[in-house]
**Student:** 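Okay, here's the structure, questions in a sec.
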Amino acid sequence: MRAEDDDAGGGEFVGARLDAGLRAARFASPPSADEFAAAVEPRNAPAVFRGVVKDWTASSRWDPRRGGLDYLRVWIDPSFYLYLAHMRRQWERYLVSEKVGPDVDVEAMMSSTGHVFYGDLRSHERAGANAAYLAPRFQVLVPFSKFMNSCKSYLRCPNASSDSPKAQEILKEPASSEEGCSSSLESCDQVYLAQVSILNTENKERCSLEVLKEDIQEPTFLRGKPFSSINIWMNRAHLRSSTHYDPHHNLLCVVAGCKKVTLWPPSSSPYLYPMPVYGEASNHSSVSIEEPDYSRYTRARYMKEYSERVILNCGDALFIPEGWYHQVDSDDLTIAINFWWKSRIMNEMLEHMDAYFLRRILSRLVDKEMNKMVQENSVSCSKGTTVCQPTDEESGGPEQLKQKQVNSDSSDKKDSPLQTLEPSTLQALYELISLVHNSAEMVSQNEITEPTSQDAYCKQSNGSKKIAADDSSLLEKDPIAKIILPLKPLELQSMLLAMARTFPRTLEALVLNMLGPIGAEILTRKFDEMDQQATKEQQSEFYKTFYSVFDDQYAAMDALLNGKEMFSFQVFQSVLRQYIGVHADRPK
């Protein structure tokens, strides 16, 4: 199904720009543990397993629409068991054991934004998952039996609504299965039993529903995995979770109801605007799932094109690799179990290597963004029209450049450097000369001293934040870069040699005073491409001629290197903003 069909049907879809190798694999039957470890998990891409948990007791007995609420409550609440003892006598011995208290309070999430649960601590947070000083604001301890009662109430009156401001206060009121659709029960729409532990290797005291482990089984293909936790997720009314990623591999299993899961690979971070890495909700997207602000998050308008949505019904499971963003829509009365475990990469990553890997990864992301920026601009340049049209009428046009050079040269016309240039290269040369001359005239008219390359880069630094806000503007702000980008390496070489021999002072001014960061990057990349197509002797001859126009050759080299470093820093800023959610100023 196409992505645009989703709005109408709400079904599965695959975004047009999602790489085929990152799309979720589908399995009609579960793989073996060896197959999963060798072919599924290492892909670090999602996988859907149809019907893999349909044989669980949980899948057959927990369904709220088939008596599952009474079944779940009797496991947890012995007082309710006594009421149903004649129907559940075979469980009495287990239920009165020390494993189960008179009633169990479970940690829950409370939302101040209705059916949407965001990762922002100021909207809600998982009870007990944060520092104690936040507990008065976010902690919701819900008696499990009362939540079951509220779900039964919802079954009778699913269309009732509530505007209760504080669900946790209402849940403290007595709740009875005979009360029907009272306002106290309806307020539970704002409470989500999320990540309630059945198993937790780091904190066994938080396993408030450990007794339910009897109704689930470890999937055969996960056999031997060192689970960090197994959790239950249950909602009464339809709800939506915000877009986020988890730091562990995840197998999400639906045992009742239905979940629609939208997935994005970690490489889609720029379109999701992750919250700052230093924040309390750093694994969440900043973009609202209900009312995205595209004026503020401009790239977010393309996020759907890089996503995939899968639908999980009772018995289905979804493997969500660590770092994959996902946003989940849960139908009414949906129950799921998830397994979390550390990936092999994280298990084997030694702590003393963190700083090295951080630098390597940042460097790789910067290189990737630089290449992407130059390549995309190259394509747009080749499709576009000439950016800079000369305004100096006295300079004439490309043909007059030829004639002026020939008239001033005593050699034969055929030996004129300009005569050997292709028309498109000659046009580019004319535009560059016009830019330099027009800039010099403006400086002269305003009696302003020509800026040095360092001055120019300081100005670029001051405006780097503004430039970084829109990466595409980097090329737009450097007309010289836009002129030389479409030229083939050897065409650019011919043009620069012609400038060096015919307009040396213009070439000097261009490099020292007018070449911006992206222009320096593009020019030196062109140099590298020239070198690949030339012999050592040809390389030496070209650079000897090129640098001969500068009074200080080292100043020219510094201008190019400073420009490249400034461009790298601008891209580094972009990487921090897109992937880590932070801004950085250039070091003094």
Side-chain angles (χ1 to χ4, degrees), residues 363 366-368 370-375 377-379 381-382 398 401-402 405 409 411-412 414-433 435-436 453 456-457 475 478-568 571:
S363 178
V366 168
D367 289 342
K368 174 185 172 183
M370 289 170 64
N371 292 333
K372 178 181 175 183
M373 196 178 300
V374 172
Q375 290 169 3
N377 285 323
S378 179
V379 171
C381 258
S382 63
L401 277 181
K402 287 186 187 180
Q405 200 272 340
D409 198 331
S411 63
D412 187 81
K414 292 184 180 179
D415 295 331
S416 168
L418 301 181
Q419 299 300 319
T420 63
L421 299 181
E422 295 293 330
S424 59
T425 309
L426 188 63
Q427 176 65 32
L429 172 59
Y430 175 55
E431 292 173 5
L432 286 176
I433 292 174
L435 277 172
V436 176
S453 59
Y457 295 127
L475 190 70
D478 193 334
I480 292 176
K482 203 159 187 178
I483 291 171
I484 65 176
L485 183 57
L487 295 175
K488 295 179 180 178
L490 295 183
E491 291 176 346
L492 178 61
Q493 185 183 64
S494 299
M495 186 190 74
L496 292 175
L497 287 173
M499 288 188 74
R501 292 164 180 163
T502 312
F503 306 104
R505 298 283 71 81
T506 301
L507 177 58
E508 182 181 37
L510 184 149
V511 173
L512 293 180
N513 301 327
M514 295 193 64
L515 195 64
I518 192 169
E521 177 66 27
I522 291 171
L523 181 59
T524 52
R525 286 187 180 217
K526 296 285 186 183
F527 284 169
D528 291 337
E529 294 174 13
M530 292 177 198
D531 294 343
Q532 294 174 6
Q533 302 178 39
T535 64
K536 291 289 185 182
E537 292 75 15
Q538 291 171 330
Q539 292 176 24
S540 177
E541 181 63 27
F542 168 74
Y543 290 118
K544 179 180 178 181
T545 303
F546 176 79
Y547 284 113
S548 67
V549 306
F550 300 96
D551 294 333
D552 184 348
Q553 295 184 7
Y554 293 106
M557 295 178 188
D558 286 343
L560 293 174
L561 291 175
N562 290 340
K564 285 174 63 67
E565 289 181 355
M566 172 56 70
F567 178 64
S568 296
V571 177

**Student:** Does anything in residues 534-545 form a salt bridge (charged side-chain N to carboxylate O under 4.0 Å, His left out)? List the pairs, not counting sequence neighbours.
**Tutor:** none

**Student:** Please enumerate all residues that pass side-chain hydrogen bond (donor to acceptor under 3.5 Å, both in side chains) together with Ser494, with sequence neighbours excluded.
**Tutor:**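 Not a single residue meets the side-chain hydrogen bond (donor to acceptor under 3.5 Å, both in side chains) criterion with Ser494.
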
**Student:** Do Met495 and Leu432 have side chains that get closer than 4.5 Å, going by heavy atoms?
**Tutor:** yes

**Student:** Rounded to the nearest 0.5 Å, what separates atom CG in Leu435 from atom CE in Met514?
**Tutor:** 5.0 Å

**Student:** To the nearest 0.5 Å, how far apart are CG in Leu497 and CG in Leu507?
**Tutor:** 10.0 Å

**Student:** Looking at every non-hydrogen atom in both residues, tell me the closest pair between Leu512 and Ala559 and how far apart they are.
**Tutor:** CD2-CB, 4.2 Å

**Student:** Residues two or more places apart in sequence or in another chain: which of them pass side chain to side chain contact (heavy atoms under 4.5 Å, CB included) with Leu561?
**Tutor:**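 For Leu561, no residue satisfies side chain to side chain contact (heavy atoms under 4.5 Å, CB included) once neighbours in sequence are set aside.
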
**Student:** Measure the CD-CE distance between Gln538 and Met530 for me, rounded to the nearest 0.5 Å.
**Tutor:** 12.5 Å

**Student:** Of all heavy-atom pairs between Ile522 and Ala481, which one has the smallest distance, and what is that distance?
**Tutor:** CD1-CB, 3.9 Å

**Student:** What residues form a side chain to side chain contact (heavy atoms under 4.5 Å, CB included) with Glu422, not counting sequence neighbours?
**Tutor:**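 Once residues adjacent in sequence are excluded, the partners of Glu422 under the side chain to side chain contact (heavy atoms under 4.5 Å, CB included) criterion are Ser424, Thr425.
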
**Student:** How many angstroms lie between atom CG of Leu418 and atom OG1 of Thr502, to the nearest 0.5 angstrom?
**Tutor:**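 It comes to 4.5 Å.
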
**Student:** Just jot down the salt bridge (charged side-chain N to carboxylate O under 4.0 Å, His left out) partners of Glu508, sequence neighbours excluded, or say none.
**Tutor:** Arg505

**Student:** What I'd like to find out is whether the side chain of Leu523 reaches to under 4.5 Å of the side chain of Leu496, using heavy atoms alone.
**Tutor:**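 Contact flag for Leu523/Leu496 side chains = yes.
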
**Student:** Under a 4.5 Å cut-off applied to non-hydrogen side-chain atoms, are Val571 and Met373 in contact?
**Tutor:**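 In contact.
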
**Student:** What pair of heavy atoms forms the shortest contact from Gly519 to Ile484, and how long is it?
**Tutor:** O-CD1, 4.0 Å

**Student:** Lys488: which residues meet the side chain to side chain contact (heavy atoms under 4.5 Å, CB included) condition with it, sequence neighbours left out?
**Tutor:**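 Testing Lys488 for side chain to side chain contact (heavy atoms under 4.5 Å, CB included), a comparison that skips the adjacent residues, returns Glu491.
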
**Student:** Ignoring hydrogens, what is the shortest heavy-atom contact between Pro489 and Glu529? Give both atom names and the distance.
**Tutor:** CG-OE1, 3.0 Å

**Student:** Does any non-hydrogen side-chain atom of Val374 lie less than 4.5 Å from one of Leu485?
**Tutor:**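 Side-chain contact under 4.5 Å: yes.
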
**Student:** According to salt bridge (charged side-chain N to carboxylate O under 4.0 Å, His left out), does anything in residues 513-524 pair up with another residue at least two apart or in another chain? List the pairs.
**Tutor:**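 Of all non-adjacent pairs touching residues 513-524, those that pass salt bridge (charged side-chain N to carboxylate O under 4.0 Å, His left out) are Glu521-Arg525, Glu521-Lys564.
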
**Student:** Any chance you could measure Phe542, atom CZ, to Gln493, atom CD, to the nearest 0.5 Å?
**Tutor:** 5.5 Å

**Student:** Can you classify the ring geometry of Phe550 versus Tyr547 as parallel (below 30°), tilted (30 to 60°) or perpendicular (above 60°)?
**Tutor:**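 The arrangement is tilted - the two ring planes meet at 30° to 60°.
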
**Student:** Could you work out, with side chain to side chain contact (heavy atoms under 4.5 Å, CB included) as the rule, every residue matching Thr506, not counting sequence neighbours?
**Tutor:**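 For Thr506, the residues satisfying side chain to side chain contact (heavy atoms under 4.5 Å, CB included) (neighbours in sequence not counted) are Ile433, Val436, His437, Met499, Phe503.
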
**Student:** Compare every heavy atom of Val366 with every heavy atom of Ser568, then report the nearest pair and how far apart it is.
**Tutor:**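 Of all heavy-atom pairs spanning Ser568 and Val366, the closest is O-CG1, 4.2 Å.
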
**Student:** To check you understand the geometry: which heavy-atom pair defines the closest contact between Ala498 and Leu421, and what is its length?
**Tutor:**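 Distance-wise, the nearest heavy atoms are CB-CD1, 4.1 Å.
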
**Student:** What distance separates Asn562 CG from Met557 CE, expressed to the nearest 0.5 Å?
**Tutor:**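 So the gap between those two atoms works out to 13.5 Å.
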
**Student:** Could you list the residues that satisfy ring pair (Phe, Tyr, Trp, His ring centres under 6.0 Å) with Tyr543, not counting sequence neighbours?
**Tutor:**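 Phe527.
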
